[in-house]
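Notes follow once the structure below has been shown.
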Amino acid sequence: MKSKTIKFRDPVVENVVDKFISRSDFGFEKYGQSMHNERITKQKDLAGYLNDIQEELMDAILYIQAAREELAEDKPKPEAFRPPHPSDAENILGVNSPLPGEELEYGTPV
């Protein structure tokens with residue numbers, strides 16, 4: 001087994017590398033060999049690797065869909081966007097709004 005010291009400037013990258021190492025360790029325990037050994041001993045050919053990729057990507061699509069459904073269940077639906085009506089222009093532009101610190105009294109012209 002090879003050892004190397006890596007200095008990370010980005011903790012996100014470090015977390016991903018840690019996951020790769022953990023995943024490699026898991027695969028080695030499960031299959032008893034590294035992916036490199038599987039490749040150089042021709043235990044799997046290119047078609048086998050392509051099949052594995054396809055299956056993993058199909059699983060990824062299912063995980064994305066499940067996550068979207070989780071989000072949809074956890075979050076209320078946003079109201080549909082309604083563009084402002086021209087009659088709302090005074091309120092939007094603050095034309096009739098008091099200045100900071102001023103208060104409007106009922107019946108006072110603005």
Side-chain angles (χ1 to χ4, degrees):
M1 180 182 305
K2 196 183 216 181
S3 176
K4 109 177 12 179
T5 302
I6 302 172
K7 293 181 181 180
F8 293 97
R9 78 178 118 253
D10 186 337
V12 173
V13 174
E14 182 179 8
N15 290 335
V16 170
V17 169
D18 288 346
K19 288 180 185 242
F20 271 116
I21 292 168
S22 177
R23 184 77 181 143
S24 176
D25 291 344
F26 175 80
F28 190 82
E29 287 177 27
K30 183 174 180 179
Y31 299 106
Q33 64 180 350
S34 67
M35 220 175 173
H36 175 72
N37 191 57
E38 177 185 71
R39 185 182 63 78
I40 62 171
T41 60
K42 304 292 183 194
Q43 293 184 13
K44 190 179 286 184
D45 61 0
L46 183 56
Y49 287 118
L50 290 171
N51 187 63
D52 287 351
I53 293 167
Q54 184 179 35
E55 289 175 358
E56 294 294 337
L57 291 174
M58 289 171 18
D59 287 347
I61 296 296
L62 296 175
Y63 296 139
I64 291 169
Q65 182 61 35
R68 287 180 183 264
E69 290 176 13
E70 277 291 313
L71 284 174
E73 290 172 4
D74 291 347
K75 199 187 234 184
K77 299 274 186 223
E79 291 184 29
F81 174 73
R82 181 186 66 84
H85 189 272
S87 65
D88 293 334
E90 289 180 354
N91 294 332
I92 293 170
L93 299 173
V95 173
N96 290 330
S97 298
L99 295 173
E102 290 184 343
E103 292 184 27
L104 285 179
E105 295 179 22
Y106 181 74
T108 302
V110 283

Euclidean distance, Met35 CE relative to Asn37 CG, rounded to 0.5 Å
12.0 Å
Heavy-atom closest pair (Tyr49 atom, Glu38 atom, distance to 0.1 Å) is OH-OE1, 3.3 Å
CG of Asp74 to CD of Glu69: how many Å apart, nearest 0.5 Å?
12.0 Å
Pairwise distance CZ(Arg39) to CG(Leu46) - rounded to 0.5 angstrom:
11.5 Å
Phe8 atom CZ: more than 12 heavy-atom contacts under 6.0 Å
yes
Between CG on residue Leu57 and CG on residue Asp52, distance to nearest 0.5 Å
11.0 Å
Donor-acceptor pairs are to be reported for all side-chain atoms of residues 12-27 against protein atoms at under 3.5 Å, with residues two or more places apart or in another chain.
residue : atom : partner : partner atom : Å
Asn15   : ND2  : Pro11   : O            : 3.3

